[in-house]
Structures are given as C-alpha cells and as structure tokens.
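Reviewing the structure listed below.
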Amino acid sequence: MPELPEVEVTRQRIAPLLLGRRIACVETTGDSYFFLTKPAKLRRALPGRTAVALDRHGKYLVVTLDNRARLVLHLGMTGQLFGGGVTSVRLLSAAARASLAPEAQPVFRPDSHTHLRLRFADGVPDILFRDVRKFGKVFLVAEGEVNPRLAKLGVDALRATSGDLFPLLRRRHTAIKNVLLDQSVIAGVGNIYADEALFLAGVRPLRRASRVTRAECERIVEALHQVLRRSIETGGSSISDYLAPDGNDGGYQDERRIYAREGEACRRCGGRVRRIVIGQRSAHFCARCQH
DNA sequence: ACCGCACCCTGAGCGC
DNA sequence: TGCGCTCAGGGTGCGG
C-alpha cells in the first residue's frame, strides 16, 4: 500500500517523464468517486498544459501546471502510477500471468482499471494511473483555491520533530497508533511504517497517546525518519499492490521487522509477533520488546 | 473536540 | 471447477 516512501519513490521516478512536457491528450474512465473533479472536466482542462513541478505532501502528489492550477493525485490503497511502455508481469491478472511463458515480460496496456492516461507528443511515453479498488483520488485545484484535503494535512513525516508531535499526543486519549495514522497530525505515515516505527521505539501500538513520554515520542519520531528514509532508499514496500513506476517491486518489504509477520519470530528477541486490531486496522507488535 | 465505526471497492484466498 | 464468503485497508463522514 502506498505510504510516504512509495509516493516519494513514485514522485522521483515520474518527475522526469512529466516535467516540462506539454499534455496533448487525456483519457479517463467514467464518473466515479475516484474523480473528485469530473473526468470530462479533466479531459477538457488538461490538454495544452505543461507540468512545471511535482511535489509530495504526505501521501498526495501535486502536479503544478503552467497556469498555476494543480492536479492532485492520491494513490489510495492500490493506486499505481507509471510511465507508458513499462514491462511487468506483476501488472497482469493472475489468469494472464498463468498463461505466460516464465521469462516473458509483456508491455502493459491500459486496462479497465487504468483511470487516467496523460498523453504527450508522439513518441513521448505517456503516464498511466491505474487503481483496481478506486480508493485513490484525482482532482484539480484552481489557482488560489484552498483545498480542504490538502489544507488539513499535518507536517510531513520526514520533517516532523518530537516538538511537533509531543504536544498533540498530550491531548489525545486514543491509541498512539491511531494518532500516527492521523494525516492531520503527521502526514505520510500509514499502517506499515507506523507499526515499524513503534516496534523500533519499543512502544506498544495500543498505548494511549497521552501516556507516551517525551523520550518515547523522540524515539518514535527518530524511528519514523529511519524507516521512511530507508524505505525510500530501497524503493518502497511492495507488500500488496504497490509497484514502482518502472513496474518492479520495491525492496523494503524484505527489511520489515514487524508488519504482517504475525506468528513469526521477533527479530530482536525471538518472541512471537502478535497481531491485534486497532481502529479497524491490523497492528503488529512484540509484547516483549514493546511496552 | 474527540472517538469509534461504517463505508467506498475488488481480487485473493479459503471452505465446501 | 466454481460458487459464495471473508478479508484487506486510506480516508471521509457520521453519530455518540
């Protein structure tokens, strides 16, 4: 699932395919809540525009256009953004994969889950946004318009300090895990990195936020920076659907210490990794290493 | 102001 | 083989 590192890797790899190129044509699927801006409006408004910047705010990608409008993308749970011409068996359905020669690497063709396609001049690779579950989002923000979804985002997780976080923890009586996932507190942290950071910091995910000490808060922020940076370095985590824009898996899933390791041995003490549910989401922890 | 929960969606994996 | 069920989860919005 795309969290800050996966979105950042996507940003870095999509930028050279996007920046400075004039959009010639836009293809979309039909109306759905995936499109917070009507797809017909996107098809009308985007051609002729050139992207001048590609930024990331938390898990949002923000494309600034030459008319100062912004095209905003969120990958949701299963969103994949990649350049045209990508070859990857991972992008095929299980059925299509099964009928393929083992070493074949067919070029991906836009399918019914490819909701947005930006096309450029002839011969320039296009950019595809695919999202099977449609939890992702696409919308346009006019120049000067304040978008509430972007406005309420907290400090980006890579820039967050314990000075940002600790005062907020004092006021919250819910589990620390819930607060780390709250994008209005710290933007960019999702389920994987929240669990990883809490494990490294030695704090149980169910601990009430208001009972986290200042020293623990500092360890949590430090651990978040460590896991997020390392994941970006290794290309992100490909645990369920995430693929880097070149169609390949990231590498961080192999470095996971706790997430989705229920029943396996804790990498620090050898104890059994436990899984519980907090706020409708799975949380993983080691009862011996986390207090 | 804060908290918990239902909901949006679809493919994978399971039991029968 | 194939059906139907459950599960996964980011973010929003609701009711308490």
Side-chain angles (χ1 to χ4, degrees), chain A residues 1-8 10 29-37 56-62 72-81 88-99 111-116 129-139 147-154 156-157 165 167-196 205-212 228 236-243 253 256 258-263 275-284:
Chain A
M1 54 225 74
E3 306 179 23
L4 187 152
E6 293 76 30
V7 178
E8 176 61 20
T10 298
T29 50
D31 283 10
S32 70
Y33 69 93
F34 178 84
F35 290 106
L36 298 183
T37 297
R56 182 189 55 74
H57 293 175
K59 303 178 196 173
Y60 286 90
L61 285 172
V62 181
V72 183
L73 312 174
H74 193 292
L75 300 180
M77 281 276 305
T78 53
Q80 300 164 325
L81 193 63
S88 171
V89 289
R90 283 265 314 221
L91 284 166
L92 300 177
S93 68
R97 259 198 307 269
S99 65
D111 61 358
S112 63
H113 301 303
T114 304
H115 300 295
L116 180 70
F129 186 1
R130 182 173 188 266
D131 185 358
V132 169
R133 287 184 206 170
K134 291 201 285 192
F135 280 17
K137 293 280 175 283
V138 176
F139 57 96
N147 178 271
R149 289 167 200 263
L150 298 180
K152 74 175 194 186
L153 291 177
D156 191 81
L165 184 59
L168 296 168
L169 296 187
R170 302 303 300 271
R171 301 195 279 114
R172 301 290 295 267
H173 287 219
T174 191
I176 178 66
K177 169 87 185 269
N178 283 336
V179 179
L180 294 182
L181 293 179
D182 183 341
Q183 301 300 297
S184 70
V185 174
I186 289 186
V189 181
N191 218 20
I192 299 172
Y193 302 101
D195 279 4
E196 295 294 312
L206 260 182
R207 178 98 66 85
R208 263 180 195 249
S210 55
R211 306 282 288 272
V212 170
L228 294 172
S237 298
S238 294
I239 290 178
S240 55
D241 299 83
Y242 173 75
L243 285 180
Q253 62 280 3
R256 267 176 305 140
I258 200 87
Y259 182 80
R261 297 192 61 244
E262 182 186 13
R275 175 183 177 276
I276 57 175
V277 173
I278 305 176
Q280 324 286 100
R281 297 228 160 95
S282 60
H284 309 80

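FYI, side chains are in, hydrogens and waters are out, and symmetry mates aren't considered; it's all heavy atoms of this structure. Chain letters run A, B, ... following the sequence lines, proteins first and then strands; every chain starts at 1.
- A sub-4.0 Å separation between OP1 or OP2 of C:dA8 and a side-chain N or O of A:R275 is present.
- In a base pair of the Watson-Crick type (N1 to N3 plus N6-O4 or O6-N4) or a G-U wobble (N1-O2 and O6-N3), with each distance short of 3.5 Å, B:dG15 is matched with C:dC3.
- By the 4.5 Å heavy-atom criterion applied to side chains, A:V185 and A:R172 are counted as neighbours.
- Comparing atom distances between the A:R133 side chain and each of B:dC9, B:dC3, C:dG10 picks out B:dC9 as nearest.
- Ring-base stacking between A:F135 and C:dG11 is not satisfied when judged by a centre separation under 5.5 Å and a plane angle under 30°.
- Considering every non-hydrogen atom in both A:G188 and A:E3, the closest pair reads O-CB, 3.8 Å.
- The residue among A:H113 and A:Y33 whose nearest nucleotide of DNA chain B is located toward the 5' end is A:Y33.
- Nearer the 5' end of DNA chain B, as judged by each residue's closest nucleotide, is the contact made by A:R172, out of A:R172 and A:R281.
- Checked by atom type, the side-chain pair A:H115/A:D131 shows no donor-acceptor distance below 3.5 Å.
- Of the candidates C:dG10, B:dC5, C:dA8, C:dG10 carries the atom nearest the A:K59 side chain, counting heavy atoms from C-beta on.
- Nearest to the side-chain atoms of A:Q280 among the listed nucleotides C:dG9, B:dC5, C:dG11 stands B:dC5.
- Among all heavy-atom pairs drawn from A:Y33 and A:R133, the shortest one is OH-O, 4.0 Å.
- Distance from the side chain of A:V132 is smallest for B:dT10 among the nucleotides B:dG4, B:dT10, B:dA6.
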